[in-house]
Amino acid sequence: MDQKVLRQREAKCVQESPPGCTARCPVHVDVRGMAKAVRKEDYTAGFALFHRMIPFPGIISRICDQPCRQGCKRNEIDEPIFIRALEQACVDNNSTIPNVLLPPAKKQKVAIVGAGLSGLTVAVELGRKGYQLVIFEATDRLGGSIWGIPAEQLPREVIHADFFILGKFPFTLHYTTRIVALHSIYDDFDAIYLGTGAGQIPAADFGLALDEDGRIEVDAVSLATSDSKVFAGGSLRRAYGDSSPIASVADGKIAAISIDRLFQKASLTANRENEGPFDTLLYTNIKGIEPEPMVLPAHSGGYTREEAGREANRCLLCECLECVKACEYLAHYRGYPKRYVREVYNNLSIVMGIHHANKMINSCSLCGLCEEICPGNLNMGEVCQQARQMMVEKGKMPPSAHDFALRDMRFSNSEKFALTRHQPGYAASELVFYPGCQLAASSPQYVQQMYKFLCERLDGGVGLMLGCCGAPASWAGQEGLFEETMQSLENNWRVLGSPRIIAGCPTCYSLFNQHLPDRPAESLWTLLERIGLPEPARLQDTPQTLAIHDSCTTRYDTALQGSVRTLLGRLGYSWEELPFNREQTNCCGYGGLMLYANKEVAHKVIDRRIKESELDYLAYCAMCRDNFAGQGKRTYHLLDLIWGNGQEELAAQTGPGYSERQDNRAKLKQTLLREVWGEEVEAIPATVKVTVPQAVLAVMEERQILVEDVAKVIEHAEGTGSKLRHGENGHYIAYFQPASVTYWVEYSPQGDGFVVHNAYCHRLEITG
């Protein structure tokens, strides 16, 4: 995966963008993390987060002008969080003393002119890096203008406590030393920081370039002046009266970074876009959040613990995660798309070693819901689809992921099921009905009934094509196999004279339109809306309301979705829209071969979907219906209402198992050839007669083992004698690897055949 593409996709996910409060804070205090800590009454953790960005926490927590509140999401609901009061609560309730670790001393010397908040911040930041520092202060004390703040707001003991940290650094302090010209100290230092405060010394006295307002001209990114080793910040570079304590601290941090870069001979401006305040890209959904008044402290000394907790609970703990909230797959791996994109990229970059992200990549349903919901339109399905293709190309795709589904696809496109015919009595076809392999497997009788109806209702000849559209190959990243399948389908379509395709499966319809845009295709449902329903379909005596599940492959097909609802109304039903519907519909757990690659996630997806309404569901995809019914949700297929008159038992009827699905397809082809085209077809004789008890069949279903697979193992064992006999029960145990899967079967002779006692499989190749 190209690095540039990776970065573009990563950038679409805004989850790692900071909350608005942190973005608007000039030093980016982690307000969200601090609020979480206060909620838990973990004031030590809250203080640590605050002190990480603020060198003088006691002072700032009492006098900060709080530009962070401008970015608070609660501004759109009621009042912003009282952030400064929460910071003070963390400071006042903290009992830890931060450690200061000094690195080895460096040779570079820095002069700091002015010991206000910006200058002292420069001193702390560069002191932590080991630089030699000399501070020149015009007065007899540190702190600059903060001493003008009333003591009731900023107690003097708080100032002294915060400045105690300065004694841990080997600074040289010169009090009552006014620097009136740079040349007096210029040659003695490798860098100079000017933080003299507003209006302290005329800017012209420093001999630096001035802006149009007569202040020292300072680069907005690096705080560099016209002299390459002189930097300036704090109130000095702002209009008189426009001072900001937190902005002064921010200037000190920015200047310290610039001076360090100067000494490292690195760019002063590169990769510094988000230093200082900025507008966040983070999206936070505030729908349904009720207004709550801001908690005001009862006493001037600040919040009590109880008050701080209540105010912290007003914090929305802003984050996006909209796609994670909607998608069980994304939630399952306990992360979010930006992180997943990196994991996918790293997984593809591994040459030797374990590809830990393979299962995650193969578990996505590729449905596209994430893109629809994501504020940045990031589609994890596209990422996973491309990753699967690359894994296949590199030979890194584990066979276990999609082997079963691909074998099922090959069965559907083999002589056992595939069929291409004109309508009897016609040498050409105006239309061709393509029901799809899953409808034929789940409800073969409806395929037969619908084909008969279409032949009777439509003129010009209605052909029939049976097979699989190749969706499993596409989902598995098997592009070569998919293109081969599509080419074969197109060849058969041309044999019929290139008729308009009527697709009975939403996935087939979607793939035809996406990959064969020049081949006219229409959904069965829009066709039925236009030509009318069959005669057996009638209004219900007792109208019922059904909850409609839209297939994820029809996400943006409003015409098809509308036709389904129109047909439902004509059949006498009313309907309810599920919370996720139409363009935001959820997958049923089958898409992208999720059900084969990760049953755990697929069952979570199904379970979540079927709990969205107490009503019976209506689906118009055979796999959607069978997946829901298979987990106990009463679900009708639209054809159950058209051909089955909505009989109660149809909604509760579970779908057929894997072996029965293939058997249904094979029998459907034989039935159609015999009853429609009058051809006698010989049934394919079974190689061995196998009896599988119901309990064993359930185990095989869970393990995705077909009766056909079991028969092959027994046939191989009996033909070669490659089997083991259990000494206690007399059962035989044998294995066989017909493809990329090794099957084991425990069986014993019974009459003229064999009875199966157990079966399991794995993806290991046995040698020797």
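None of these values were measured; they are calculated from a predicted model. Any value given below was found using the heavy atoms of this structure, including those in side chains, with hydrogens, waters and symmetry copies removed.
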Side-chain (Lys669) to main-chain (Glu415) donor-acceptor, under 3.5 angstrom: yes
Under 3.5 Å, which donor-acceptor pairs link side chains of residues 502-511 to any protein atom two or more places apart or in another chain?
residue	atom	partner	partner atom	Å
Tyr509	OH	Asn513	ND2	3.4
Tyr509	OH	Asp557	OD2	3.3

CZ-OG distance between Arg407 and Ser414, expressed to the nearest 0.5 angstrom: 12.5 Å
Minimum heavy-atom distance between Arg339 and Gly335, given as atom pair plus value: NH1-CA, 4.0 Å
Any Val755 side-chain heavy atom under 4.5 Å of Val696 side chain: no
Side chain Asn346, main chain Arg342, donor-acceptor under 3.5 Å: yes
Check: Ser442 side chain, Gln438 main-chain N or O, donor-acceptor pair, under 3.5 Å: no
Closest approach of Asn413 to Thr485 (non-hydrogen atoms, all atoms of both residues): ND2-CG2, 3.6 Å
Counterpart residues, side-chain contact (heavy atoms from CB on, under 4.5 Å), relative to Glu600 (two or more places apart): His332, Asn598, Lys604
Step-by-step side chain to side chain contact (heavy atoms under 4.5 Å, CB included) determination, Phe453 to Leu528: CA-CA 11 Å; Phe453 166 71; Leu528 290 179; 3.7 Å; yes
Closest contact, heavy atoms only, Ala629 versus Thr654: O-CG2, 3.7 Å
Heavy-atom side-chain proximity of Tyr617 to Leu578 below 4.5 angstrom: yes
Test item: Val601 and Val605 side chains (from C-beta on) under 4.5 Å apart, heavy atoms: yes
Residues Arg703, Asp709: salt bridge by 4.0 Å N-O rule: no
Side chain to side chain contact (heavy atoms under 4.5 Å, CB included) evaluation trace for Tyr620 with Asp550: CA-CA 7 Å; Tyr620 44 94; Asp550 291 302; 2.7 Å; yes
Ser474 backbone acceptor or donor facing Gln385 side chain under 3.5 Å: yes
Parallel, tilted or perpendicular: ring planes of Tyr596 versus Tyr590, cut at 30 and 60 degrees: perpendicular
Audit row: Gln631, Asn627, side-chain hydrogen bond (donor to acceptor under 3.5 Å, both in side chains) steps and yes/no: CA-CA 7 Å; Gln631 281 190 214; Asn627 280 347; over 6 Å; no
Heavy-atom closest contact (Asp408 atom, Arg665 atom, distance): OD1-NH1, 3.0 Å
Steps toward side chain to side chain contact (heavy atoms under 4.5 Å, CB included) verdict (Leu697, Val707): CA-CA 8 Å; Leu697 195 61; Val707 174; 4.0 Å; yes
Validation row: Leu595, Phe404 side chains within 4.5 angstrom (heavy atoms): no
Rounded distance [0.5 Å steps], CE in Met397 versus CD1 in Ile361: 8.0 Å
Heavy-atom side-chain proximity of Thr635 to Asp640 below 4.5 angstrom: no
Gln704 vs Val741 side-chain heavy atoms within contact, under 4.5 Å: no
Going by atom type alone, with no hydrogens or angles, which donor-acceptor pairs under 3.5 Å involve a side-chain atom of residues 421-435 and a protein atom two or more places apart or on another chain?
residue	atom	partner	partner atom	Å
Arg421	NE	Glu679	OE2	3.4
Arg421	NH2	Glu679	OE1	3.2
Arg421	NH2	Glu679	OE2	3.3
His422	ND1	Ser429	OG	2.7
His422	NE2	Ala427	O	3.3
Gln423	OE1	Val462	N	2.7
Tyr434	OH	Gly467	O	3.2
Tyr434	OH	Cys468	N	3.3
Tyr434	OH	Cys468	O	3.4
Tyr434	OH	Cys469	N	3.2

Sub-4.5 Å side-chain heavy-atom contact between Val392 and His402: no
Residue pair Leu454, Leu527: steps toward the side chain to side chain contact (heavy atoms under 4.5 Å, CB included) verdict: CA-CA 10 Å; Leu454 294 177; Leu527 174 72; 3.7 Å; yes
Tyr760 and Glu746 side chains, donor-acceptor separation under 3.5 Å: no
Expected list for residues 712-725: side-chain donor-acceptor pairs under 3.5 angstrom, two or more places apart:
residue	atom	partner	partner atom	Å
Lys712	NZ	Glu708	OE2	3.4
Glu718	OE1	Lys723	NZ	3.4
Glu718	OE2	Lys723	NZ	2.9
Glu718	OE2	Tyr747	OH	2.7
Thr720	OG1	His716	O	2.7
Thr720	OG1	Ser722	N	3.2

Residues Arg609 and Thr585: side-chain donor-acceptor under 3.5 angstrom: yes
Pairs satisfying salt bridge (charged side-chain N to carboxylate O under 4.0 Å, His left out), at least one member in residues 646-657, at least two apart: Arg634-Glu648
Heavy-atom donor-acceptor pair, Ser523 side chain to Trp525 backbone, under 3.5 Å: yes
Value rounded to 0.5 Å, distance of OH in Tyr636 from CG in Leu638: 12.5 Å
Straight-line distance of Cys384 SG to Gln389 CD, nearest 0.5 Å: 11.5 Å
Atom of Pro520, atom of Trp493 and distance for their closest heavy-atom approach: CD-CZ2, 4.0 Å
Side chain Lys396, main chain Asn358, donor-acceptor under 3.5 Å: no
Rounded distance [0.5 Å steps], NE2 in His515 versus CD in Glu483: 9.5 Å
Sub-6.0 Å ring centroid separation between His637 and Tyr446: no
Pair Glu371, Asn379: side-chain N/O donor-acceptor within cut-off below 3.5 Å: yes
Tyr340 side chain to Leu330 backbone, donor-acceptor under 3.5 Å: yes
Arg388 and Cys364, any side-chain heavy atoms less than 4.5 Å apart: yes
Spacing of Tyr333 atom OH and Ser363 atom OG [to the nearest 0.5 Å]: 3.5 Å
Residues that Ala666 engages under side-chain contact (heavy atoms from CB on, under 4.5 Å), provided they are two or more places apart: Phe411
Heavy-atom closest contact (Asn586 atom, His549 atom, distance): O-CE1, 3.1 Å
Distance-only side-chain donor-acceptor flag, Glu343 / Asn347, under 3.5 Å: no
Donor-acceptor under 3.5 Å (Arg9 side chain, Leu378 main chain): no
